[in-house]
Visitor: 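Sharing a structure here in structure tokens format.
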Amino acid sequence: MARVTTKLPLTYEPAKLLQALEQISRFQIREEPTYSDPPIHARWGGASLHSIGGRWNDASPGEPALVGFQETELTQVAPYFKQVLDSLPCPKHSVRISVIWPNGRINPHSDWFLGFDKGLIRLHIPITTNPGVEFVVGDEPCRWQPGELWYGDFSLTHHVANQGPVPRVHLIADVCINDFIVGLFPPEFVARQPGVAKHQEAITLPRSELGTYACRFTVSGSLGDTPLAENLPLEWGLKRDFDGEVRVAGDRLVMAINGQDLIGLEPLGQDAFRMFGVPPAILLVLQREQGRVTSVSLKTPLGQLPFPLASDSRA
């Protein structure tokens, strides 16, 4: 069976990682609340080095937003963490310090939006661990040591349980794929992937062209029955339809739901837009003909999901 994890060639100094962890200790990493039944996490918490809007106390992998991912103040408090981020010259989504306290766990689950073919992968750097930690990705037990850099295919089922006496602390980085990231991996490992979706830089549209994308549409409540709901605004998972709109806000486009601006849009060309805080595998497509939007859809790994245009499709 092909391995689903691999150790990468970069290493970090365990003592400096511990020092950086101590430097951010005054920020008081708190246990995250659980919202599911049964809970996916127990006795788990985190703090962010890189997050939506630069919020250090956002321990999530990201959420739809009007602004993008930014470094947080923790990178100024702990310079070695800043060095770690700089050692990975690639576009980044969330970079978090994840803590699992004794008797804590992350129950078996999978993160469908991660993978080489989806343009976003997850890297781990252990900071503290102990023999009582059970960490499994797919069917592979993981005994990763402090200072090592590891990749795991977290689109597969994975879980962690800390039965040891001390916290298990990892730096977890969700990174977009570019030539540098690909170059960290053995060529044979990359060749086994179902595809490699490299990061695409956004383009700049003149303000006169931005207006040609303005439109109104209906966001389908059927999204609540798909894995996409966990990566889109919370309301979209409620299984009812919403009024959607793309409109010009200053020198950019935003998506509004029920009149509230929620998501900033980055043009990629060919009528496709990346959404701030949303995994790169999900794109908004605003197909135009003769300067008017004629169709709205989400391009996703599950296929193209159309949104019906409003009768007056020009906002």
Visitor: Begin with the C-alpha distance, continue with both residues' side-chain angles, and end with the deciding distance and a verdict on side chain to side chain contact (heavy atoms under 4.5 Å, CB included) for Trp101 and Ile29.
Guide: CA-CA 11 Å; Trp101 286 281; Ile29 298 176; 4.1 Å; yes
Visitor: When you group the ILVMFWY residues by side-chain heavy-atom contacts below 4.5 Å and let the links chain together, are Val67 and Ile257 in the same group?
Guide: no
Visitor: Give the cluster check for Val196 versus Phe154: same hydrophobic cluster or not, with ILVMFWY residues linked at side-chain heavy-atom distances below 4.5 Å.
Guide: no
Visitor: Decide yes or no for Phe307 and Thr218: does some side-chain heavy atom of the first lie under 4.5 Å from some side-chain heavy atom of the second?
Guide: no
Visitor: Is the Phe135-His124 ring centre distance short of 6.0 angstrom?
Guide: yes
Visitor: Running the 4.5 Å side-chain criterion over Ile, Leu, Val, Met, Phe, Trp and Tyr, what cluster does Ile172 land in, apart from itself?
Guide: none
Visitor: Check this for me: Asp86, atom CG, are more than 12 non-hydrogen atoms of other residues, nucleotides or ligands nearer than 6.0 Å?
Guide: yes
Visitor: May I ask whether Phe116 and Val137 are part of the same hydrophobic cluster, defined by side-chain heavy atoms of I, L, V, M, F, W, Y residues being less than 4.5 angstrom apart, directly or through others?
Guide: no
Visitor: Show your working on side chain to side chain contact (heavy atoms under 4.5 Å, CB included) between Arg247 and Asp261 and close with a plain yes or no.
Guide: CA-CA 9 Å; Arg247 59 189 180 204; Asp261 291 349; 2.6 Å; yes
Visitor: Please confirm whether His159 and His109 have ring centers closer than 6.0 angstrom.
Guide: no
Visitor: Within the 4.5 Å heavy-atom criterion, are Leu88 and Val95 side-chain neighbours or not?
Guide: no
Visitor: Starting at CD of Glu201, measure out to CD1 of Ile203 and round the result to the nearest 0.5 Å.
Guide: 11.5 Å
Visitor: List the steps and the verdict of side chain to side chain contact (heavy atoms under 4.5 Å, CB included) for Gln83 and Glu13.
Guide: CA-CA 11 Å; Gln83 289 183 41; Glu13 297 184 48; over 6 Å; no
Visitor: Does Asn178 reach the main-chain N or O of Pro89 with its side chain, forming a donor-acceptor pair under 3.5 Å?
Guide: yes
Visitor: Can you tell me if His158 uses its side chain to pair, donor with acceptor, with the backbone of Leu156 under 3.5 Å?
Guide: yes
Visitor: Search all heavy atoms of Leu205 against all heavy atoms of Tyr213 and return the closest pair with its distance.
Guide: CD1-CE1, 3.8 Å
Visitor: Just by distance, do the side chain of Glu148 and the backbone of Gln145 share a donor-acceptor pair under 3.5 Å?
Guide: yes
Visitor: So does Glu289 have more than 12 non-hydrogen atoms from other groups sitting under 6.0 Å from CD?
Guide: no
Visitor: How far does CZ of Arg207 sit from CG of Leu253, to the nearest 0.5 angstrom?
Guide: 9.5 Å
Visitor: Out of curiosity, Thr5 OG1 to Asp153 CG, how far, rounded to the nearest 0.5 Å?
Guide: 10.0 Å
Visitor: For the atom pair CG (Leu283) and CG (Asp271), what is the distance rounded to the nearest 0.5 Å?
Guide: 12.0 Å
Visitor: Return the minimal non-hydrogen interatomic distance between Ser48 and Leu74, and the atom names on each side.
Guide: O-CD1, 3.4 Å
Visitor: At their closest point, which heavy atom of Arg122 faces which heavy atom of Pro61, and how far apart are they?
Guide: NH2-CB, 4.1 Å
Visitor: Rounded to the nearest 0.5 Å, what separates atom CG in Leu309 from atom CZ in Arg292?
Guide: 9.0 Å
Visitor: Would you call Gln287 and Ser297 a side-chain contact if the rule is heavy atoms closer than 4.5 Å?
Guide: no
Visitor: What pair of heavy atoms forms the shortest contact from Leu120 to Asp174, and how long is it?
Guide: CD1-C, 4.0 Å
Visitor: Is a side-chain N or O of Lys92 found less than 3.5 angstrom from the main chain of Cys90, in a donor-acceptor match?
Guide: yes
Visitor: So do the side chains of Pro141 and Glu134 get within less than 4.5 Å of each other, counting heavy atoms only?
Guide: no
Visitor: Below 4.5 Å, heavy atoms only, C-beta onward: do Asp58 and Thr72 meet side chain to side chain?
Guide: no
Visitor: Check Lys118 against Pro280 and note the closest heavy-atom contact, atom names and distance.
Guide: O-CG, 3.7 Å
Visitor: Counting C-beta onward and ignoring hydrogens, is there a side-chain heavy-atom pair between Trp44 and Val160 closer than 4.5 Å?
Guide: no
Visitor: Test your reading of the model: is there a side-chain donor-acceptor pair from Asn162 to the backbone of Val166, 3.5 Å cut-off?
Guide: yes
Visitor: May I ask you to say whether Glu71 pairs ionically with Lys82, meaning some side-chain N is under 4.0 Å from a carboxylate O?
Guide: yes
Visitor: If two hydrophobic side chains count as joined below 4.5 Å and joins carry through other members, does Ile127 share a cluster with Ile106?
Guide: no
Visitor: Would you say the side chain of Val293 lies within less than 4.5 Å of the side chain of Val246, judging by non-hydrogen atoms?
Guide: no
Visitor: Check for a donor-acceptor pair, side chain of Arg274 on one end and backbone N or O of Gln200 on the other, with a separation under 3.5 Å.
Guide: yes
Visitor: Any chance CZ of Arg30 has more than 12 other-residue heavy atoms, nucleotides or ligands included, within less than 6.0 Å?
Guide: no
Visitor: Return the orientation label for the Tyr12 and Tyr80 ring planes: parallel under 30°, perpendicular over 60°, tilted otherwise.
Guide: perpendicular
Visitor: Please report the closest heavy-atom contact between Trp56 and Ser51, naming both atoms and the distance.
Guide: N-OG, 4.5 Å
Visitor: Determine the interplanar angle of the Phe189 and Phe185 rings, folded into 0 to 90°, and report it as parallel if under 30°, tilted if 30 to 60°, perpendicular if over 60°.
Guide: parallel
Visitor: Using the rule given for side chain to side chain contact (heavy atoms under 4.5 Å, CB included), can you reason through Arg43 versus Arg105, listing the C-alpha separation, both sets of side-chain angles and the distance that settles it, and then say yes or no?
Guide: CA-CA 7 Å; Arg43 292 192 50 73; Arg105 69 184 186 278; over 6 Å; no
Visitor: Hey, does Leu17 have a side-chain heavy atom less than 4.5 Å from the side chain of Phe81?
Guide: yes
Visitor: Find the distance between CG (Leu284) and NZ (Lys299) and round it off to the nearest 0.5 Å.
Guide: 12.5 Å
Visitor: Taking His93 for its side chain and Cys176 for its backbone only, find out whether a donor-acceptor pair lies under 3.5 Å.
Guide: no
Visitor: Quick check on the hydrophobic clustering: are Leu305 and Phe242 connected, directly or via other members, by side-chain heavy-atom contacts under 4.5 Å?
Guide: yes
